[in-house]
Amino acid sequence: MSDDLTVIVGGTVVNATGVFPADVIIEGRRIAALAHRDSALAQSVRSAGHRRIDATGKYVIPGGVDPHVHLQLPMTPEAMSADSFETGTRAAALGGTTTVIDFAGQLHGTNVRDAVDHRLAEAEGRCAIDYALHLSLGDIHDQSLKDMRMLVDEGLTSFKLFMAYPGAWYSDDGQILRAMQVAADTGAMIMMHAENGIAIDVLREQAAALGRTGSVWHGRTRPVELEGEATHRAIQLAAVAGAPLYIVHLSAAEALEQVAIARDRGRNVFAETCPQYLYLSLEEHLDQPGLDGIRHICSPPLRSRTQGHQRTLWSGLRSDDLSVVATDHCPFCDAEKRLGIDDFRAVPNGLGTIEHRMDLLHQGVVAGELTLPRWVELCSTTPARLFGLAGRKGVLAPGADADVVVYDPEATHTLGVATHHMNLDHSVWEGMEVRGQTSTVLSRGTVIVDEGRFVGRAGHGRYLQRDLPEPLR
Ligand code: URP
Ligand code: ZN
Ligand code: ZN
């Protein structure tokens with residue numbers, strides 16, 4: 001037996017496939033074995049004096065995989081998202097996430113190669129946990145379509161397109177179809193921001209002309225019908241192209257209905273939602289005066305609780321019409337949010353949640369909305385599988401990277417700016433009491449969080465070249 005063994009003893013292992021008492025034996029950077037607590041193997045490893053981490057009374061889960069984050073994103077020339085690769089990945093680790101997937105962005109008039117190289121250079125040496133990149137395509141033409149193929153060969157296997165944000169990231173249906181055809185041909189995943197941006201822009205201008213510039217109008221000018229319509233259109237375009245499709249940050253029952261229909265027809269259509277759409281609402285959070293309201297501006301917007309969107313999304317998580325929970329972490333400090341204090345159209349879009357996703361979804365377990373294996377599946381296993389990391393990340397199994405979280409299900413704590421580690425001067429989660437907390441985190445066999453204290457380092461995290469999404473391999 002190797003000398004370089006760590007054994008996590010006495011815990012309850014939770015994988016997407018089930019829950020059982022086992023010791024986790026780690027050899028170097030990988031998981032070597034899961035040994036039933038009473039087995040001879042567990043006894044012999046325990047008595048051999050290897051490094052031990054006591055997980056008695058705790059869950060032992062695969063590290064979280066957050067497939068949708070925006071670290072140090074220059075949303076506008078004046079507004080950069082607040083967490084750097086260093087602060088954001090440290091906060092993620094403290095919250096039990098061991099892999100993040102961020103985005104390189106190809107803006108109009110720029111080229112794909114430069115966009116990816118620039119983003120890789122920004123992240124290099126700065127991440128506390130492993131990371132990968134998707135590419136946001138903002139300028140689809142012959143060359144960028146060719147470049148998609150080059151990136152797939154390099155292990156960048158997913159591309160985000162936008163039906164929203166005309167004049168910036170928007171692509172028309174013809175451009176979308178062409179990119180989807182390349183995805184169909186290469187096996188890459190198309191990720192879609194599905195809101196009808198052309199119609200939304202009409203509503204925004206009409207609202208502003210009537211002096212309706214408060215934060216709630218951000219929500220009222222992005223109605224659920226226009227998310228449902230765009231989701232339907234994206235699904236049909238993907239069917240024509242024969243491409244797999246992943247709807248990002250799904251917020252509305254109308255959009256979920258379209259995903260459910262497609263999945264019932266056996267299509268390769270998947271969707272993620274985010275904690276903000278499960279917990280926060282248009283009435284209670286977005287429709288507040290001044291700073292309190294604009295802190296909650298994100299796109300798609302928070303949805304109405306009286307219309308029941310949050311309830312519908314929880315049920316979609318159970319039925320697997322929603323396959324993933326990501327954060328869409330894109331926080332802006334108050335100074336940046338205030339740029340739109342008089343006009344919602346000038347507010348940089350996005351909220352900060354990277355540290356809290358595992359805890360917030362664990363509340364779903366506490367409340368009886370989700371089972372323990374489903375929690376792990378939504379937060380770790382399925383995002384790894386859909387983004388080409390199956391077998392390496394998102395699972396506790398022999399041969400997988402030893403990205404392991406020891407999670408205390410009984411610890412209670414209160415979320416908010418006084419305790420969080422995100423580089424953010426407010427929290428949309430302020431005052432929320434949660435049960436369950438990350439205790440110890442290993443990334444490729446190295447302890448990076450020890451009893452709630454960060455002991456890792458910027459630069460430990462490695463860039464992950466990814467396989468093709470699993471449904472297509
Ligand atoms: O409001 C959001 N979602 N900001 C991040 C950018 C995006 O569209 O994902
Ligand atoms: Zn988006
Ligand atoms: Zn996003």
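On a predicted model such as this, the values are computed, not experimentally measured, just so you know.
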Polar side chain donor-acceptor pair, Thr221 to Arg212, under 3.5 angstrom: no
- request: Please name all residues satisfying side-chain contact (heavy atoms from CB on, under 4.5 Å) with Val365, sequence neighbours left out, ordered by chain then number.
  value: His362, Leu370, Leu372, Trp375
- prompt: What are the two closest heavy atoms between Ser144 and Leu137, and how far apart are they?
  reply: CB-CD2, 4.2 Å
message: Measuring only between side-chain heavy atoms, which start at C-beta, is Val65 closer than 4.5 Å to Phe387?
response: no
- request: Would you check, one step at a time, whether the test side chain to side chain contact (heavy atoms under 4.5 Å, CB included) holds for His356 with Met432?
  value: CA-CA 11 Å; His356 301 321; Met432 183 166 173; over 6 Å; no
- prompt: Taking C-beta and beyond as the side chain, do Leu386 and Met189 meet within less than 4.5 Å on heavy atoms?
  reply: yes
query: Which value, rounded to the nearest 0.5 Å, describes the distance between Met422 atom CE and Glu355 atom CD?
result: 5.0 Å
message: Once side-chain contact (heavy atoms from CB on, under 4.5 Å) is applied, do any residues pair with Ser84, and if so which ones, sequence neighbours excluded?
response: Gln72, Glu86, Thr87
field: Leu245: which of Ile235, Leu161, Thr231 passes side-chain contact (heavy atoms from CB on, under 4.5 Å)
entry: Ile235
OG1-CD1 distance between Thr99 and Ile129, expressed to the nearest 0.5 angstrom: 6.5 Å
- prompt: Where does the angle between the aromatic ring planes of His68 and Phe103 fall among parallel (under 30°), tilted (30 to 60°) and perpendicular (over 60°)?
  reply: perpendicular
- request: Please report the shortest heavy-atom distance between Pro469 and Gly187, naming the atom on each side.
  value: CD-O, 3.2 Å
field: Test item: Ile198 and Tyr170 side chains (from C-beta on) under 4.5 Å apart, heavy atoms
entry: yes
field: Shortest non-hydrogen contact between Leu313 and Leu322, atoms and distance
entry: O-CD1, 3.4 Å
- line: Correct closest heavy-atom pair for Pro62 and Asn15 would be CG-OD1, 3.9 Å
statement: Between Gln310 and Ser304 the two heavy atoms that sit nearest each other are OE1-O, 3.5 Å
query: Side-chain contact, heavy-atom cut-off 4.5 Å: Leu203 with Leu226?
result: yes
- request: Enter the distance from Trp314:CH2 to Leu278:CG here, rounded to the nearest 0.5 Å.
  value: 5.0 Å
field: Residues in salt bridge (charged side-chain N to carboxylate O under 4.0 Å, His left out) contact with Asp320, at least two apart in sequence or another chain
entry: Arg263, Arg374
message: What I'd like to find out is whether the side chain of Asp147 reaches to under 4.5 Å of the side chain of Met150, using heavy atoms alone.
response: yes
query: Which heavy atom of Tyr463 sits nearest a heavy atom of Leu133, and at what distance?
result: CE1-N, 3.8 Å
message: Rounded to the nearest 0.5 Å, what separates atom OG in Ser215 from atom CG in Asp292?
response: 9.0 Å
message: I want to check something: taking the side chain as every heavy atom from C-beta on, are His329 and Leu71 in contact at a cut-off of under 4.5 Å?
response: yes
query: If we only count heavy atoms from C-beta on, is the Thr273 to Leu256 side-chain gap below 4.5 Å?
result: no
message: Test of understanding: with salt bridge (charged side-chain N to carboxylate O under 4.0 Å, His left out), list the residues that count as partners of Glu369, not counting sequence neighbours.
response: Arg311, Arg318
task: Would you check, one step at a time, whether the test salt bridge (Lys or Arg N to Asp or Glu O under 4.0 Å) holds for Asp201 with Arg204?
output: CA-CA 5 Å; Asp201 267 9; Arg204 279 158 69 90; 3.7 Å; yes
- prompt: How about Asp139 and Val112: do any of their side-chain heavy atoms sit closer than 4.5 Å?
  reply: no
query: Which of these, Tyr165, Trp169, Phe159, sits in a ring-ring contact (aromatic ring centres under 6.0 Å, His included) with His193?
result: Tyr165
query: What's the verdict on side chain to side chain contact (heavy atoms under 4.5 Å, CB included) for Val405 and Val449, showing C-alpha distance, side-chain angles and the deciding distance?
result: CA-CA 9 Å; Val405 173; Val449 175; over 6 Å; no
query: So, Arg303 and Ser251: side-chain donor and acceptor under 3.5 Å apart, yes or no?
result: yes
- prompt: Which salt bridge (Lys or Arg N to Asp or Glu O under 4.0 Å) pairs, counting each pair once, include a residue from residues 270-288, with sequence neighbours left out?
  reply: Glu284-Arg305
field: Parallel, tilted or perpendicular: ring planes of Tyr279 versus Trp429, cut at 30 and 60 degrees
entry: perpendicular
query: Sequence neighbours excluded, which residues qualify as salt bridge (charged side-chain N to carboxylate O under 4.0 Å, His left out) partners of Glu154?
result: Arg113
message: The criterion is salt bridge (charged side-chain N to carboxylate O under 4.0 Å, His left out); which residues satisfy it with Arg29, sequence neighbours excluded?
response: none
query: Partners of Arg178 by side-chain contact (heavy atoms from CB on, under 4.5 Å), sequence neighbours excluded?
result: Asp142, Leu145, Gln181
- prompt: Any chance the side chains of Thr97 and Asp66 put a donor and an acceptor closer than 3.5 Å?
  reply: no
- line: side chain to side chain donor-acceptor pair (under 3.5 Å) pairs touching residues 100-110, sequence neighbours excluded, are Asp102-Arg119
- request: Would you give the length of the straight line joining atom CG of Asp334 to atom CG of Leu339, rounded to the nearest 0.5 angstrom?
  value: 11.0 Å
message: Could you work out, with side chain to side chain donor-acceptor pair (under 3.5 Å) as the rule, every residue matching Gln276, not counting sequence neighbours?
response: none
Result block: side-chain N/O donor-acceptor pairs under 3.5 angstrom for residues 393-400, not counting sequence neighbours:
{"from": "Lys393", "atom 1": "NZ", "to": "Asp130", "atom 2": "OD2", "distance (Å)": "2.7"}
{"from": "Lys393", "atom 1": "NZ", "to": "Asp401", "atom 2": "OD2", "distance (Å)": "2.9"}
{"from": "Lys393", "atom 1": "NZ", "to": "Asp403", "atom 2": "OD2", "distance (Å)": "2.8"}

- prompt: Going through the checks in order, is the side chain to side chain contact (heavy atoms under 4.5 Å, CB included) test met by Asp467 and Thr157?
  reply: CA-CA 7 Å; Asp467 302 322; Thr157 54; over 6 Å; no
field: For Glu430, all residues meeting side-chain contact (heavy atoms from CB on, under 4.5 Å), sequence neighbours excluded
entry: Val417, Ser427
query: Would Thr89 and Arg126 satisfy side chain to side chain contact (heavy atoms under 4.5 Å, CB included), going step by step from the backbone distance to the final call?
result: CA-CA 9 Å; Thr89 56; Arg126 297 196 168 88; over 6 Å; no
